[in-house]
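Notes follow once the structure below has been shown.
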Amino acid sequence: MDTDSLFPICQESQKQSAVDTQIGNKPMTFSNMMENCSSEFTLAEIIEMEKSFKGLKEASLNPEFCQKLATQFSCSHNRQGQSSVKWDEVHAWFQEKQEQEVAKSTSSIKLFGDLCIFSSTGGPNIKHKTSPIPKVESAVVLKELLFEAKSARDLAWYDVGSFLSYKVTTNGGELLVRVRFAGFDNSNDEWVSVEKEVRERSIPLDDSECHMVEVGDLVLCYRNDEDDDMYFDAHVVRVERNSHHLTACNCVFVVRYDHDGVEENVDLHKLCRRPS
């Protein structure tokens, strides 16, 4: 829909108040644009942009979308007596939001990499105390990185949602990290060993990938218990290769669970392989 026809008065107001690329005699840069415009958005406008960014992500940088939002904001009764909003101000806000998302992901990747290096080398001589992860990295949801952690409560593996803080034990200097499991609240947070109980997420297998599972392989296996359904480490002890029906795998895999030694016959869909 043509926004010009909807808001002719506002469009004219925006044309009158537009400033090309300068603030006074100072060239317009991204940083001073943000300083100039960030305080000019109303709370309602910020909430609207937050919602839009959550749903659209990179698509929110589309100039036409930014112009539409700028027009909407400028015509709001909350803007009476204030200057109109320009599309490039909205675009700059989304640009900064996008850069913040990238920075969070990069910080999380560096942080976890540093913790893994620390764990494998013994780390520097530091005080044995709990240390919160810096605020910008605290409770960061690892959207790009995919990890799983082993719970001490049931010895099952769960996807990691967030790394919250870390500490070094006084006995042996083992590095522990506090994790929040994906899909669980903070009552289920646990301290786990970075070296022994955190790893890259296991990979589900397609029907055409049954040849990748061999006797002796470590796999993550889905187990149906009376009380709960969980994923446990297991080793493949036997494989019965069967012809596939069309594209469906009919092979049978005999696994032995590491934590209790129980053997079970399972199909391919219950197995996840470890990343190579």
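Keep in mind it's a predicted model, so treat the numbers as computed, not measured. The figures here come from the full heavy-atom set of this structure, side chains too, leaving out hydrogens, waters and symmetry mates.
Under the side chain to side chain contact (heavy atoms under 4.5 Å, CB included) criterion, Leu61 pairs with His91, Phe94, Gln95, sequence neighbours left out. For Asp189, the side-chain hydrogen bond (donor to acceptor under 3.5 Å, both in side chains) criterion is met by Arg180, not counting sequence neighbours. Checked against side chain to side chain contact (heavy atoms under 4.5 Å, CB included), Ile203 has the following partners two or more places apart in sequence or in another chain: Arg273, Pro275. Applying the side chain to side chain contact (heavy atoms under 4.5 Å, CB included) rule to His259 yields the partners Leu155, Arg223, Phe232, Tyr257; only residues at least two apart in sequence or on another chain are considered. With sequence neighbours left out, Tyr158 forms a ring-ring contact (aromatic ring centres under 6.0 Å, His included) with Phe181, Phe184. For Asp185, the salt bridge (charged side-chain N to carboxylate O under 4.0 Å, His left out) criterion is met by no residue, not counting sequence neighbours. Looking at residues two or more places apart in sequence or on another chain, you find a salt bridge (charged side-chain N to carboxylate O under 4.0 Å, His left out) between Glu50 and Lys97. Partners of Ser151 according to the side-chain hydrogen bond (donor to acceptor under 3.5 Å, both in side chains) rule, which considers only residues two or more places apart in sequence or in another chain, are Glu190. Glu197 pairs by the salt bridge (charged side-chain N to carboxylate O under 4.0 Å, His left out) definition with nothing, not counting sequence neighbours.
In this structure, Phe163 and Val198 have side chains that are in contact, with non-hydrogen atoms separated by less than 4.5 Å. The shortest distance between side-chain heavy atoms of Val168 and Leu176 does not fall below 4.5 Å. Under the 4.5 Å side-chain criterion, counting only non-hydrogen atoms from C-beta, Arg201 is not in contact with Phe147. Taking the side chain as every heavy atom from C-beta outward, Cys221 and Val266 approach each other to under 4.5 Å. Under the 4.5 Å side-chain criterion, counting only non-hydrogen atoms from C-beta, His235 is not in contact with Asp217. Ser165 is listed as a side-chain neighbour of Trp191, based on a closest heavy-atom distance under 4.5 Å. Side-chain atoms of Leu175 and Glu195, non-hydrogen and from C-beta on, never get closer than 4.5 Å to each other. With contacts defined as side-chain heavy-atom distances shorter than 4.5 Å, the pair Cys272/Val219 does not qualify.
Atom CH2 of residue Trp93 and atom CG of residue Leu69 lie 10.0 Å apart, to the nearest 0.5 angstrom. Lys68 contributes atom NZ, which lies 9.5 Å from atom OG of Ser52 (distance to the nearest 0.5 angstrom). Here the NE2 atom belonging to His211 is positioned 11.0 Å from the SG atom belonging to Cys249, to the nearest 0.5 angstrom. Interatomic distance, Asn224 CG to Asp229 CG, rounded to the nearest 0.5 Å: 4.5 Å. Once rounded to the nearest 0.5 Å, the distance linking OG of Ser76 with CD of Glu48 reads 10.5 Å. Remark: Glu209 CD to Leu268 CG distance equals 8.0 Å, nearest 0.5 Å.
In terms of heavy-atom proximity, Val192 sits nearest to Ala149 at CG2-CB, 4.4 Å. Residues Asp267 and Phe253 share a closest heavy-atom pair of C-CD1, 4.1 Å. Heavy atoms only, all atoms of each residue included: Leu218 and Arg274 are closest at O-CG, 3.6 Å.
A salt bridge links Asp233 to Arg199: at least one charged side-chain nitrogen sits closer than 4.0 Å to a carboxylate oxygen. Using a 4.0 Å cut-off between charged side-chain N and carboxylate O, Lys167 and Glu174 make no salt bridge.
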Please table the atom pairs, donor to acceptor, closer than 3.5 Å between any side-chain atom in residues 238-245 and protein atoms at least two apart or in another chain.
residue	atom	partner	partner atom	Å
Arg241	NH1	Cys210	O	2.8
Arg241	NH2	Val213	O	2.6
Asn242	ND2	Asn250	O	2.8

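Apart from Val254 itself, the hydrophobic cluster it occupies contains Val237, where clustering links Ile, Leu, Val, Met, Phe, Trp and Tyr at side-chain heavy-atom distances under 4.5 Å. Through direct or indirect side-chain contacts shorter than 4.5 Å among Ile, Leu, Val, Met, Phe, Trp and Tyr, Tyr222 is connected to Trp157, Leu220, Tyr231.
Residues Val252 and Leu205 fall into different hydrophobic clusters, defined by Ile, Leu, Val, Met, Phe, Trp and Tyr side chains chained together at heavy-atom separations under 4.5 Å.
Put simply, the side chain of Asp206 never gets that close to the backbone of Ser208: no donor and acceptor are under 3.5 Å apart. For Arg256 (side chain) and Glu264 (main-chain N/O), no donor-acceptor pair under 3.5 Å exists by modelled atom type.
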